[in-house]
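Quick notes on the structure that follows.
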Number of protein chains: 4
Amino acid sequence: MTTGEGPRRGRGRPRTPGAEERILDAALAEYGEHGWSGFTMDAVARRAGVGKSTVYLRWSDKDALLTDAVASHGLELTAVDTGSLAGDLTQLALNLLRHFHGAAGWAALRITFDTASVDDRLGDFAEAVNEVHGRQVEQICLRAIERGEMAEDIPITAVTETIYGAAMVHALSERLEARADSDVEVEARARHIVAMILPGISTMPGTT
Amino acid sequence: MTTGEGPRRGRGRPRTPGAEERILDAALAEYGEHGWSGFTMDAVARRAGVGKSTVYLRWSDKDALLTDAVASHGLELTAVDTGSLAGDLTQLALNLLRHFHGAAGWAALRITFDTASVDDRLGDFAEAVNEVHGRQVEQICLRAIERGEMAEDIPITAVTETIYGAAMVHALSERLEARADSDVEVEARARHIVAMILPGISTMPGTT
Amino acid sequence: MTTGEGPRRGRGRPRTPGAEERILDAALAEYGEHGWSGFTMDAVARRAGVGKSTVYLRWSDKDALLTDAVASHGLELTAVDTGSLAGDLTQLALNLLRHFHGAAGWAALRITFDTASVDDRLGDFAEAVNEVHGRQVEQICLRAIERGEMAEDIPITAVTETIYGAAMVHALSERLEARADSDVEVEARARHIVAMILPGISTMPGTT
Amino acid sequence: MTTGEGPRRGRGRPRTPGAEERILDAALAEYGEHGWSGFTMDAVARRAGVGKSTVYLRWSDKDALLTDAVASHGLELTAVDTGSLAGDLTQLALNLLRHFHGAAGWAALRITFDTASVDDRLGDFAEAVNEVHGRQVEQICLRAIERGEMAEDIPITAVTETIYGAAMVHALSERLEARADSDVEVEARARHIVAMILPGISTMPGTT
DNA sequence: GCATAACCGAGACGGTACGTCTAGTCTTCGA
DNA sequence: TCGAAGACTAGACGTACCGTCTCGGTTATGC
């Protein structure tokens, strides 16, 4: 995402192959363990067994590294097409719940909030996430409208925000209460969320 | 929540009355302007017209101050009882949208995420927020169930998470797109959110 | 030296009698134990069992207190008149050696050097010490000249400086080597010093 | 005496060559201008055009820096061999008077007194000074004894202490009276001092 | 006998330096 | 040419101290 995929044909020593990934992993681990205020470049470099200059050679600064670290593990939401609006949304909710529960997803979340707060810093990443995620729901909804399952006058962003928000706050609750849902609970929660909003957006009242 | 409500009967010069509030305000302002990195104790002290030691006399460190600053202005959600579930939820959603849009609410949000991530730091504040907010929705729902407006088998936490999440993510979107909704838009969004989940939780299908 | 011996006849509560002395003692003790850089007003006040304001009520600042503390115990050199130049000088050297060896004398010495270094601060104390001490030797020498024991063309300040310096450096050596001379050694050293300079200032060559 | 003469062969950026000296000079200048209180690490760093951490990378704390600064310029006494005891001593006295009159010599003196007072701090420097200086006089005296100019039963330390003390106290007097001797006066004083003690240590009575 | 006034202890106040730590840059050696 | 090591400037961190101030209380005089 940052490195620039130049064929690296030059003279001199080629870049150590594993370094990039080790650094990203180290960054993610440090961020997960100590949070933003305890996240130091020196610690990342040391943990990755790498000199600080190697890190700065590839990322311009702290934010860039962190952003990239999260991005590298944080956008693994795969689109689905189960054939029904209910199925698509339930699968999406499930994915989101699992995503935000994991370290990378959670880190992505925090960074999104952090970067969204500072105006003089580029919220590139946050916007990217926003767009990627937003497009997911958009496709689901468009398919549903085509099939006639969903009313056309529903603002899609509202659907996105509701589902994402629900998953997000649920993950937050879990962390605050130092609780970890079982697989069954997660699935139940996903179904609950969808059940709650489906009647509100569907064309046929009374469907579940 | 701040210093312990000791009646301060002792000897010695009593603490300057206004200082506490001025420092908290300054902290919130600095945080809002510069974000977490860029938030300086020296700057807070200077802005509050106060010595650094005065700040450290009352708060043990940066996090404690920031947490308190946000808490002092971040829990101003007033419960409402409009008589109907739809009215209550719409009013709540409206409050939340406005809350998260403002500096204090947004800051509270960020801090909630921050403190929820670090285990060796006390997420006291985050838990408090969680509980206060959770109780709001609980009361609304209990009233609705009493009135027969709401099904009894809906998990209330799911309702909470959905509404809060929707408001939260909407505020996030606004910031990411550097957009500021008008009052009309905010109200419309609140109604949309409620309209989306109301059919899913209400006893009478087809109601809006 | 600082207090100003006003009869303190006014109304109001009179100053606690013992306080003055206790503070001075505490100051001297702290200075002796921790040196100039570890000498704090808070510590002095605490050690004297006294509030800081009580200290500042009597002395304007740190230097004033320290100066006074040393002065109160540091100028106890008593003049002597043994009837002969050799006797007078030996007695003086002995006094000085003992003086500089003790805590108060040593502290006075340090302060003299400290205050002599800073031009914007009043070396009042240092000058006072200098003058008091200088006068001692002056009197001894004048008596000796009257008696015909001492040549008239000797600059008296040179005599003063030599004897004082010798005693001073000897005390310094003792401290540096963590050594403490016995009484016999001190007396021997005093005689040595005088024996060394006596032929150089006496009218009769070859006298000891 | 400073950093340990490791050949610094390793990897990494080598220490900036000039920095050490610039810092020491700045330290000495600051000390000379503002004295011990008023001597600030920040000011030293700023004056040397250096970051504070660079200073702390080389010296553990304020005292260490100051001590070293003085040591670097404070031990420039060169031995002399004029061929006669009187000549040697006069030259030594002259050197000392000039040494203690200068900023570095005076600073060295103060620090010697300071470090000699605090037992938990290493008086390394003070001892070094003591030894270096002591050896000077020792050599002079031994040569004189060989030549038969000086009696063998004179304790050499007494000679050292007397000459050093005389020069020291003279410098002190100059400062206290804000006076600066001319070259002629300094030389006269040196001759006076030696004339005073020479008869007392020489084998031939009546020599000057 | 009661107000007045100066003192006392405690300790909070604004300010400033301390010594530590981090960010991001720069400079060397070795691969 | 790149990588690791690590010194560099800049500046925030949290602590400690200075000298000032404001309390509640105490102890004397003087009306």
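Throughout, protein chains are lettered first and strands after them, A, B, ... in sequence-line order, and every chain is numbered starting at 1.
The distance between atom CZ of C/R15 and atom P of F/dT29, rounded to the nearest whole Å, is 16 Å. In this structure, the CZ atom of D/R58 is 15 Å from the P atom of F/dG6, given to the nearest Å. The CG-C1' distance, from B/L57 to E/dG11, rounds to 9 Å in whole Å. Between D/W59 atom CH2 and E/dC18 atom P the separation is 15 Å, expressed in whole Å. Distance CZ (C/R13) to P (E/dA6): 14 Å, rounded to an integer number of Å. Taking atom CG of C/L65 as the reference point, atom C1' of F/dG19 lies 13 Å away to the nearest angstrom. Atom pair D/K52:NZ and E/dG19:C1' shows a separation of 7 Å (rounding to whole Å applied). Taking atom OH of A/Y56 as the reference point, atom P of F/dA5 lies 16 Å away to the nearest angstrom.
Interface remark: the A/S53 side chain does not form any donor-acceptor pair with the F/dG6 base, using a distance-only criterion of under 3.5 Å. The base of E/dA12 is not paired with the side chain of B/T16 by any donor and acceptor separated by under 3.5 Å. On a pure distance criterion of 3.5 Å, no polar donor-acceptor pair joins the side chain of B/K62 and the base of F/dG14.
By the 4.0 Å N-to-carboxylate-O rule, B/E20 lies close enough to B/R58 to be salt-bridged with it.
The residue among B/S60 and A/G49 whose nearest nucleotide of DNA chain F is located toward the 5' end is A/G49. Nearest-nucleotide mapping onto DNA chain E: of A/T40 and C/V50, the residue sitting toward the 5' end is C/V50. Each of A/T54 and B/A43 has a nearest nucleotide on DNA chain F; the 5'-most of these lies closest to A/T54. Nearest-nucleotide assignment on DNA chain E puts the 5′-proximal partner with D/M41, out of A/D42 and D/M41.
A distance of 8.5 Å separates CE of D/M41 from CH2 of D/W59, quoted to the nearest 0.5 Å. A distance of 10.5 Å separates CD in A/E30 from CG in A/D42, rounded to the nearest 0.5 Å. One finds the CZ atom of B/R46 at 8.0 Å from the OG1 atom of B/T40 (value rounded to the nearest 0.5 Å).
The main-chain N or O of A/F39 is found under 3.5 Å from a side-chain atom of A/K62 such that the two form a donor-acceptor pair.
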